[in-house]
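Presented below is the structure to which this report refers.
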Protein chains: 2
Amino acid sequence: MTIAEERCNKDGARFTDLRRKVFEILLMQGRPMGAYAILEQLRDAGLSSQPPVAYRALEFLIAHDLAHKVERLNAFVACVNPGQTHAPAFMICRLCDGVAETHAEPARGALGATARAAGFQIEKTMVEAIGVCPSCVDVKERPDQ
Amino acid sequence: MTIAEERCNKDGARFTDLRRKVFEILLMQGRPMGAYAILEQLRDAGLSSQPPVAYRALEFLIAHDLAHKVERLNAFVACVNPGQTHAPAFMICRLCDGVAETHAEPARGALGATARAAGFQIEKTMVEAIGVCPSCVDVKERPDQ
DNA sequence: GACAGTAGCGCAATAATGTAACAGAAATCG
DNA sequence: CGATTTCTGTTACATTATTGCGCTACTGTC
Ligand SMILES: [Zn+2]
Ligand SMILES: [Zn+2]
Ligand SMILES: [Zn+2]
Ligand SMILES: [Zn+2]
């Protein structure tokens, strides 16, 4: 995996230790993480743990398509197909907060037509589906922590 | 407009003064508002202005399809077609933070197929497009306050 | 290597957004 | 009316995010 990131490095971006570490944390977790959860991991690793540290690294990772922000959860997740410019879509489980990334281009369909008709120039779309994941179909209530 | 809300009242929900007031504030503004901006308006109107007051009213309005949350902005906006159960989509201008509501059902297309294949039960989808609105096409930079 | 310019990082302080918990008021129903 | 439920007021706190500033580390030119 670290190979793909080195490649992304070649568009003039510096994949520093800190950014690599944050990316590793996200990969390791495999689930959406809040910025402050990332900071905890950074602290455990002996690095600085002030909020801007995490937010800046995340901004970088997002800009280079290595991670995404899940708006609904105010959380961040490693991309499943890092380094490729793409339009991600997420399926978010409301019971376990697990997230699956897939691909969607709503701008190609009806939304795109509406936007063109309105003179709105779409640059990016966010699609997040809320529901219940396969592992949670039996669960009735939210376990909550 | 207040007629439509009374109708929604008929599904057993109580459209109290406070909830009406918050809805009016959103309608009046015609733009997304943060919860704390709503609280300011409530204070000006002589009502209580503690955060839970706004959040509870908003929760109610959203549950009854009178308003929506724009996740990208952490802000709330009056629905353009209140009272109808529907799947809204937003076009958000990154320059002026203006929002236009339209309609989208990504769950009917490729995303729905992916979800079914994965065993994920979609209950609701959030679609938000970021771009530039017709009024801002000339603007280069973000005016920012 | 010396130097200037730029990008990244450490840190402090604070802003903005959102919730939990509980008590009192008000509507609803018998 | 009393019992029940729903709504509201309030305190206190939790979570998420940003601004600003100064220092360090890299990058390129001379
Ligand atoms: Zn991705
Ligand atoms: Zn789940
Ligand atoms: Zn709507
Ligand atoms: Zn605009």
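On a predicted model such as this, the values are computed, not experimentally measured, just so you know. What you see below is based on every heavy atom in this structure, not just the backbone, and it leaves out hydrogens, waters and symmetry mates. Numbers restart at 1 for each chain; the letters A, B, ... are given by sequence-line order, proteins then strands.
- Across the helix from C:dG1-D:dC30 to C:dG30-D:dC1, the helix axis at one end is tilted relative to the axis at the other end by 30° (nearest 10 degrees, each axis from five pairs).
- Atom NZ of B:Lys21 is separated from atom P of D:dG9 by 14 Å (rounded to the nearest Å).
- Pairs passing the ring pair (Phe, Tyr, Trp, His ring centres under 6.0 Å) check and including a residue from residues 88-117 of chain A, sequence neighbours excluded, read A:His68-A:Phe90.
- The distance from the CE atom of A:Met33 to the CG atom of A:Leu39 is 9.5 Å, given to the nearest 0.5 Å.
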Could you run down the sub-3.5 Å N/O contacts of the protein with nucleotides 16-23 of chain D?
unit_1, atom_1, unit_2, atom_2, d
D:dA17, OP1, A:Lys69, NZ, 2.6
D:dA17, OP2, A:Tyr55, OH, 3.0
D:dA17, O5', A:Tyr55, OH, 3.4
D:dA17, N7, A:Tyr36, OH, 2.6
D:dA17, N6, A:Tyr36, OH, 3.2

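- One can place CZ of B:Phe60 at 7 Å from P of D:dC7, the figure rounded to the nearest angstrom.
- Read 5' to 3', the first and last nucleotides of DNA chain C with an atom closer than 4.0 Å to a heavy atom of chain B are C:dT17 to C:dA27.
- Side-chain contact between A:Arg19 and A:Lys21: absent, with no pair of heavy atoms (C-beta onward) separated by less than 4.5 Å.
- The number of heavy-atom neighbours closer than 6.0 Å to CD of B:Glu123, taken from other residues, nucleotides and ligands shown, is above 12.
- Residues meeting the ring pair (Phe, Tyr, Trp, His ring centres under 6.0 Å) test with A:Phe60, sequence neighbours left out: A:His64.
- Checking B:Glu101 against B:His86 by side-chain atom types alone, a donor-acceptor pair falls below 3.5 Å.
- Rounding to the nearest 0.5 Å places CZ of A:Arg72 at 8.0 Å from CD of A:Glu128.
- Atom-to-atom, NE2 of B:His64 to P of D:dT6 comes out at 12 Å; the value is rounded to the nearest Å.
- With rounding to the nearest 0.5 Å, the separation of CD in B:Gln84 from CG in B:Leu66 is 10.5 Å.
- Residue pairs that meet the side chain to side chain donor-acceptor pair (under 3.5 Å) test with at least one member in residues 40-54 of chain B, sequence neighbours left out, are B:Arg43-B:Ser49.
- In this structure the side chain of B:Tyr36 reaches within 4.5 angstrom of the side chain of B:Pro51, judged on heavy atoms.
- We find that CD of B:Glu59 is positioned 14 Å from P of D:dT6, with the value rounded to whole Å.
- Rounded to whole angstrom, the span from the CG atom of A:Leu18 across to the P atom of D:dT24 amounts to 17 Å.
- With B:Val22 as the partner, the side chain to side chain contact (heavy atoms under 4.5 Å, CB included) test is satisfied by one option alone out of B:Asp17, B:Val53, B:Leu42: B:Leu42.
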